[in-house]
Novice: 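My questions all concern the structure below.
Computation of the quantities below employed the complete heavy-atom set of this structure, encompassing side-chain atoms and omitting hydrogens, waters and symmetry-equivalent molecules. Each chain gets a letter, A, B and so on, in the order its sequence line appears, and its residues count up from 1.
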Protein chains: 2
Amino acid sequence: MRTYTQLVTLGMPDSHLSEIRDLHLFSDMEDEHFQQLVRASYVQNFPPQIELITEGDPSDFLHILLSGSVDLFSSWNARETSMATVRPVSTFILAASVRDAPYLMSARTLEKSRIMLIPSQDLREVFGKDIQFAQAIVDELAQCYRGVIKNTKDLKLRTSLERLANHLLRQQARAGGGATFVLDSEKRRLASVLGMTSENLSRAFKGLRPYGVEVKGSQITITNQQDLEGFAKPNPLIDHR
Amino acid sequence: MRTYTQLVTLGMPDSHLSEIRDLHLFSDMEDEHFQQLVRASYVQNFPPQIELITEGDPSDFLHILLSGSVDLFSSWNARETSMATVRPVSTFILAASVRDAPYLMSARTLEKSRIMLIPSQDLREVFGKDIQFAQAIVDELAQCYRGVIKNTKDLKLRTSLERLANHLLRQQARAGGGATFVLDSEKRRLASVLGMTSENLSRAFKGLRPYGVEVKGSQITITNQQDLEGFAKPNPLIDHR
DNA sequence: GCTGGCAGTTGACATTTATCAATCGAATGC
DNA sequence: GCATTCGATTGATAAATGTCAACTGCCAGC
């Protein structure tokens with residue numbers, strides 16, 4: 001297996017390698033240690049709709065999404081919810097890897113995706129001897145933690161209409177701040193991420209019309225920024241992402 | 001201020017010090033580094049209902065609750081919700097400290113509490129030179145992260161009745177597993193933690209009566225363990241705490 | 001042993017959200 | 001070009017949850 005691993009790794013284009021090296025997680029670590037991680041890892045292409053990991057399974061690899069997109073989701077009692085969307089270039093399930101604990105979420109590709117896998121064991125080994133890397137992992141974990149806390153506040157303190165309004169404002173900002181932008185996920189996934197049904201999302205979009213939100217397919221136009229912000233009341237302690 | 005700090009620190013009873021030393025977070029670190037942290041820190045007693053930290057403020061200290069209990073809560077738009085209850089001996093707002101970022105939650109004492117405060121700056125300094133400590137922080141952070149993820153799953157995948165049922169099962173287990181146990185917080189706080197109103201919690205308790213839950217004040221008796229578990233469907237990927 | 005205050009409960013009602021079924025509409029395949 | 005499929009929408013309805021007001025019961029303080 002290690003042989004296969006190396007073969008695949010050798011096939012990794014330099015562009016990807018340097019992109020990974022520049023990730024906050026790796027940028028400050030010793031070159032030798034980085035090489036050690038890369039040698040142990042491998043890169044693979046996945047088609048859309050492939051379940052990469054299943055909640056409850058042991059966490060053998062830290063995953064790094066190089067291109068494409070991945071849905072993190074969870075199930076219980078025949079219900080399912082989208083927890084987050086991973087976009088390149090970033091890691092996912094870091095917490096499970098460092099704790100050597102079972103995954104709490106499942107992951108599936110949304111589109112064709114290129115993913116680097118670092119064996120959790122190697123991750124922990126390098127972690128133990130590279131303080132810069134340790135620092136970076138702490139930073140990344142703390143950021144993830146804060147992200148989930150913000151999400152919890154969003155869920156507990158806001159109605160679904162308010163969550164949608166703030167989501168649109170965040171997405172608008174990420175898209176450059178223009179009045180018109182395009183939703184980056186299916187509406188039913190968006191509904192699940194926001195903790196509602198897709199029917200309810202449809203109605204929520206209508207409910208935002210009085211505040212200056214126009215919807216045409218997946219294209220959103222905010223015709224009255226002030227009104228929308230007045231309703232959404234965005235807050236850096238919840239919404240800054 | 002440092003003088004005051006040291007004075008207070010010197011007044012810390014050894015029992016507390018060794019208890020802190022045995023905390024997972026500190027147990028493996030160099031003695032010298034531990035001493036450095038302790039010298040920089042101070043310990044203080046707070047009466048009940050004191051707001052220790054306010055969300056949005058810069059995070060100057062890592063807090064360690066030595067005795068008493070603390071409520072972590074958040075507000076938005078005139079609404080408020082309890083995010084978690086901190087019980088001794090454990091840390092809180094670690095993520096904000098290591099990131100040097102503003103608090104995302106406020107904290108108030110629920111009862112008379114003894115709290116140790118470690119300046120975030122010292123924390124980060126020692127962190128940079130003690131790999132064991134770094135390791136422990138990563139572990140703690142990862143655990144916190146996983147806790148919040150579980151909470152999010154609880155909120156998004158379960159109804160309030162199901163959340164209450166599972167909460168009772170968890171609390172029962174923590175209390176030793178007997179059929180009768182006592183709730184460890186006010187019902188209105190419990191309601192807020194579970195993401196519901198206190199009126200709704202009252203009705204939820206009634207709704208669990210058919211599954212063998214008897215309520216007398218804050219004393220709960222589970223008369224039919226099987227029925228309750230059959231309804232609650234507890235799951236280690238959500239409920240193990 | 002009153003009595004005021006307060007957490008908790010209850011009932012009536014409003015709002016929010018989910019469910020189910022039907023339909024629309026754009027994209028896909030033959 | 002037409003049928004099929006699937007996501008999205010809509011309407012009707014049900015269920016869950018929140019709100020408001022009144023009331024209960026217990027405890028603390030005089």
Novice: Whole-Å distance between D:dG7 P and A:Leu110 CG?
Specialist: 13 Å
Novice: Identify which nucleotide among C:dT17, D:dG7, C:dT9 has an atom closest to any side-chain atom of A:Ser160, counting heavy atoms from C-beta outward.
Specialist: C:dT17
Novice: Whole-Å distance between C:dT10 P and B:Arg203 CZ?
Specialist: 9 Å
Novice: Could you state the atom-to-atom distance from CZ of A:Phe205 to C1' of D:dA8 in whole Å?
Specialist: 11 Å
Novice: Give the nucleotide from the list D:dG18, C:dT19, C:dT10 with an atom nearest to the side chain of B:Glu199.
Specialist: C:dT10
Novice: B:Thr159 side chain: which of D:dT9, C:dT19, D:dT17 is closest?
Specialist: D:dT17
Novice: Kindly point out which of C:dA18, D:dG11, C:dT17 is positioned nearest to the side chain of A:Lys206?
Specialist: D:dG11
Novice: Rounded off to whole Å, could you give me the CZ-to-P distance for the A:Arg79 and D:dA16 pair?
Specialist: 10 Å
Novice: For A:Arg189 and D:dA8, what is the distance between atoms CZ and P respectively, to the nearest whole Å?
Specialist: 11 Å
Novice: Give a yes/no verdict on a cation-pi contact between A:Lys187 and A:Phe205, requiring under 6.0 Å between NZ or CZ and the six-membered ring centre and an angle within 45° of the axis.
Specialist: yes
Novice: Take the protein atom CD of A:Gln49 and the nucleotide atom C1' of D:dC6, then report the distance between them rounded to whole Å.
Specialist: 13 Å
Novice: Please say which of A:Leu117, A:Asp71, A:Ile115 ends up in a side chain to side chain contact (heavy atoms under 4.5 Å, CB included) with A:Leu52.
Specialist: A:Ile115
Novice: Closest to the A:Asn200 side chain: C:dT17, D:dA8, C:dG8?
Specialist: C:dT17
Novice: What's the CZ-C1' distance between A:Arg158 and C:dT17, to the nearest Å?
Specialist: 19 Å
Novice: Name the closest nucleotide to the B:Lys187 side chain, picking from D:dG18, C:dT19, C:dG8.
Specialist: C:dG8
Novice: In plain terms, say whether B:Arg108 and B:Glu80 are close enough for a salt bridge, that is, a side-chain N and a carboxylate O under 4.0 Å apart.
Specialist: yes
Novice: B:Phe181 and side chain to side chain contact (heavy atoms under 4.5 Å, CB included): which single residue from B:Gln219, B:Gln171, B:Arg174 fits?
Specialist: B:Gln171
Novice: Take atom CD of B:Glu186 and atom C1' of D:dC27, then tell me their distance rounded to the nearest Å.
Specialist: 14 Å
Novice: Quick check, are the ring centers of B:Phe61 and B:Tyr42 under 6.0 angstrom apart?
Specialist: yes
Novice: When you get a sec, tell me which of D:dA8, C:dA7, D:dT19 is the closest nucleotide to the side chain of B:Arg188?
Specialist: C:dA7
Novice: Which listed nucleotide (C:dA18, C:dG8, C:dT10) is nearest to the side chain of A:Thr197?
Specialist: C:dA18
